[in-house]
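The structure under discussion appears below in the form of structure tokens.
Just so it is clear: chains get the letters A, B, ... in the order the sequence lines come, proteins before strands, and each one is counted from 1.
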Amino acid sequence: MTEQKQFRAIKGTRDIQPPDSTLWNWFEQSARDVFESYNFREIRLPIFEETSLFARSVGGETDIVSKEMYSFPDRSTSSDATADAGDLISLRPEATASTMRAYIEHGMHALPGNVKLYYMGPMFRRERPQKGRYRQFYQIGAEVLGQSDAPAIDAEVIEMLMTFFSRVGLIRTTLYINSIGDKNCRPQYVELLRAELRKVKDQLGADSQRRIETNPLRVLDSKIPQEQEIIAKLPKISEHSCDACREHFAKLKEELKLRGVSYQENWRLVRGLDYYTRTTFEVIAEGLGSQNAVCGGGRYDGLVELLGGPPTKGIGFAIGTDRAILSIQESGNLPKLPGLDVFVAWLGLEAYPTAVGLTKKLREAGLSVELPGEEMKFKKSLNLADKLGARYALIIGSDEVATGRFTLKRLADADQKKLSEYELLEYLESERRGTRG
RNA sequence: GUGAGCGUAGCUCAGCUGGUAGAGCAUCGGUCUGUGGCACCGAGGGUCGCGGGUUCAAACCCCGUCGCUCACCCCA
């Protein structure tokens, strides 16, 4: 009866705790900085939407909708007692559909120029977790919507993405690009591919055999070694795409070169969802498990229309935050992030009021300051300052209170000096500007 | 949904052919009431994931169960 249940985070969810949370904040802030420099602006979206929104955009037949979404009937908003269940709603498995919905709902097609949005936050998938794949996972995404499908837009989006990765030290990456055709040429190619696959069906594994009917493009990125030789001989979409798609892809490559973005063409790069057209891309990184893609994206020119909006061109990507950060951590290429600036080592109760007052001023100046709430032995307090990783110990004892000159000790090299309150604030503020750029 | 591996202290792990639980690190205290990192001494912390079985005796063997991890499927 006194047995207490041990609560734990639900399978596939996790706590991002300090110091990792500091890294996460820095990562997300870096995205904001880079994206806003490309004139993207943030859109904050709901965590859940009507299930049918996802079903329509992602495709009702896919596993995503049929079994991998967290869906539940909303409580009815009507007072009708018989109407127990309201609409079916789902935790978002991705945010592109929500962004499209918002674009349509708020008439953003009437805004001047291209609409450039970014978002970040948690997404949900009901799946067995594995390395770099969680049930609550985080994405940072960006979308460009408007009337133009100029390859320069695709290139700018990709350039922005790679600039961001470079900014956060995610450098050992590979960018793959491909063009998977549009609604004119892709269906023909898919049928051709399916026909070719049927000829070699008995040489393929069970999974690939099934995919011949469900999604033949997916056979192309099969990882099974025995299938690689067969796949290499299959018809390539680049040889069967229409002139318009071919030209679009050629221009994209020119644009990427113009912008100094290095890439690898990968004719086997396909996307699982129907709504993608023409440009697709993916970035893989090191230090991850078999789920090594840190970003996926592509063009989706028909999607807004499919959701009931005006004919609109679109392109976007989503970064897997969990994986990107994992890869940075594995690489050891971590930034020096600000921590505790000052530990106030006060001694003697008569020094306490002064310590409290000074601490407040230091905090107002933007410094991170730790003030012990009870008297400690001096040695212990310096020891704690060290363990907490403070850069400075501010020593306040009876001498300091009497003279009004405080002892500031730099813990890294034990250098210490006596400073008046004014000098102290001046020194710490300028020092901070210097080290934090 | 499928498969494999693993569950011993906060963390990393040891624990022999079964004899009833240990180390390092971390935490807290002391040596040490005006100068941290070091050293030494000490303390707390475990129904060995849980339940059953075999046995005089189970962390160890058997069965079940739960959890974690990785991979497959799928891919947003």
Does A/S290 have a side-chain nitrogen or oxygen under 4.0 Å from the phosphate oxygens OP1 or OP2 of B/C72? yes

Hey, does the side chain of A/K377 come within less than 4.0 Å of B/U31's phosphate (OP1/OP2), counting only N and O? yes

Between B/G46 and B/G7, how far apart are the C1' atoms? Round to whole Å, please. 14 Å

Here the distance between atom P of B/U35 and atom CZ of A/R410, to the nearest Å, is 20 Å

What does A/I395 touch in the nucleic acid at a heavy-atom separation under 4.0 angstrom: a base, only the sugar-phosphate, or nothing? base

Nearest to side-chain heavy atoms of A/A414, which nucleotide of B/G37, B/G34, B/C74: B/G37

Expressed as a whole number of angstroms, how long is the span from A/D221:CG to B/A76:P? 10 Å

In terms of the nearest nucleotide of RNA chain B, which residue is placed more toward the 5' end: A/I10 or A/R218? A/I10

State whether A/E49 and A/R92 are salt-bridged, where the test is any N-O pair (Lys NZ or Arg NE/NH1/NH2 against Asp/Glu carboxylate O) under 4.0 Å. no

Please work out if A/E282 contacts a base, only the sugar-phosphate, or nothing of the nucleic acid, heavy-atom cut-off 4.0 Å. nothing

Would A/R32 count as a cation-pi partner of A/Y118, with NZ or CZ less than 6.0 Å from the six-membered ring centre and within 45° of the ring normal? no

Touch check for A/K379, heavy atoms < 4.0 angstrom, all strands: base, sugar-phosphate only, or nothing? base

Which of A/R133, A/K131, A/Q139, A/R14 passes side chain to side chain donor-acceptor pair (under 3.5 Å) with A/D322? Answer is A/R14

As its Watson-Crick or G-U partner within any shown strand, both distances under 3.5 Å, B/A57 has none

Quick check: any donor-acceptor pair below 3.5 Å linking the side-chain of A/E400 to the base of B/G34? yes

Would you find more than 12 non-hydrogen atoms of other residues, nucleotides or ligands less than 6.0 Å from A/R172 atom CZ? no

Spacing between A/Q416 atom CD and B/G34 atom C1', to the nearest angstrom: 10 Å

Mind checking if A/K409 touches a base, just sugar-phosphate, or nothing, with heavy atoms under 4.0 Å? base

If you take the centroid of each ring, where Trp contributes its six-membered ring, are A/Y38 and A/F164 closer together than 6.0 Å? no

Report the distance from atom CD of A/Q139 to atom P of B/A76, rounded to the nearest whole Å. 10 Å

Distance in angstrom units between A/D322 CG and B/U69 P, rounded: 13 Å

Within the structure shown, what part of the strands sits under 4.0 Å from A/G289 by heavy-atom distance: base, sugar-phosphate, or nothing? sugar-phosphate

Give A/S398 one of three labels, base, sugar-phosphate or nothing, depending on what nucleic acid heavy atoms sit under 4.0 Å from its own. base

Using only side-chain N and O atoms of A/K11, determine if any of them is under 4.0 Å from OP1 or OP2 of B/C68. yes

When rounded to whole Å, the CD to P distance for the pair A/E68 and B/A76 reads 11 Å

Checking all strands, does A/A97 fall into the base, sugar-phosphate, or nothing category for heavy-atom contacts under 4.0 angstrom? nothing

For A/D207 and B/C72, what is the distance between atoms CG and C1' respectively, to the nearest whole Å? 7 Å

What nucleotide, of B/C73, B/G29, B/A71, holds the atom closest to the side chain of A/K380? B/G29

With a distance cut-off below 6.0 Å to the six-membered ring centre and an angular limit of 45° from the axis, does A/R410 pair with A/Y392 as a cation-pi contact? no

Write down the distance separating the P atoms in B/G15 and B/G22, rounded off to the nearest Å. 15 Å

Pick the nucleotide of RNA chain B nearest each of A/K131 and A/Y276; which residue has the one closer to the 5' end? A/K131

Please determine, for B/A21, whether a Watson-Crick or G-U wobble partner exists with both distances under 3.5 Å, and give it or none. none

Which nucleotide, in any strand shown, forms a Watson-Crick or G-U wobble pair with B/C16, with both distances under 3.5 Å? none

Applying a 3.5 Å limit to both distances, which nucleotide forms a Watson-Crick or G-U wobble pair with B/C48? none

Is A/R271 close enough to B/A76 that one of its side-chain N or O atoms is under 4.0 Å from OP1 or OP2 there? yes

Could you give the distance separating B/G19 and B/A57 at their C1' atoms, to the nearest angstrom? 6 Å

Could you give the OH-to-C1' distance, from A/Y392 to B/U35, as a whole number of Å? 17 Å

Candidate nucleotides B/U35, B/A76, B/U69, ranked by approach to the side chain of A/L382 - the nearest: B/U35

With a non-hydrogen cut-off below 4.0 angstrom, is A/R8 in contact with a base, only sugar-phosphate, or nothing? sugar-phosphate

Separation of the P atoms in B/C75 and B/G18, to the nearest angstrom: 50 Å

So, is the end of the A/R299 side chain (NZ or CZ) under 6.0 Å from the ring centre of A/Y276 and within 45° of the ring's axis? no

Answer with base, sugar-phosphate or nothing: what part of the nucleic acid does A/A390 contact at a heavy-atom distance below 4.0 Å? nothing

Test salt bridge (charged side-chain N to carboxylate O under 4.0 Å, His left out) applied to A/E400 and A/R405, step by step: CA-CA 5 Å; A/E400 284 78 4; A/R405 298 183 66 79; over 6 Å; no

Could you check which nucleotide pairs with B/C6 in any of the strands shown, counting Watson-Crick or G-U wobble with both distances under 3.5 Å? B/G67

Confirm from the modelled atom types if A/D386 and B/G36 form a donor-acceptor pair under 3.5 Å, side chain to base only. yes

Could you identify the nucleotide paired to B/C72, looking across every strand shown and requiring Watson-Crick or G-U wobble geometry with both distances under 3.5 Å? B/G1

For the ring pair A/Y263 and A/Y176, is the centre-to-centre distance below 6.0 Å? no

Does A/R210 reach a base, just sugar-phosphate, or nothing at all? Heavy atoms under 4.0 Å. sugar-phosphate

Nearest to the side chain of A/R211 - B/C73, B/A71, B/U35? B/C73

Rounding to the closest angstrom, what is the interatomic distance between B/U8 and B/C60 at atom C1'? 11 Å

For nucleotides B/U69 and B/C13, find the distance between their P atoms and express it as a whole number of Å. 15 Å

Determine the Euclidean distance between corresponding P atoms of B/U47 and B/A59; express it in Å to zero decimal places. 14 Å

Can you find a donor-acceptor N/O pair under 3.5 angstrom joining the side chain of A/R128 to the base of B/C73? no

OP1, OP2 of B/C72 versus side-chain N and O of A/Q130: anything below 4.0 Å? yes

Determine the Euclidean distance between corresponding P atoms of B/G24 and B/C41; express it in Å to zero decimal places. 10 Å

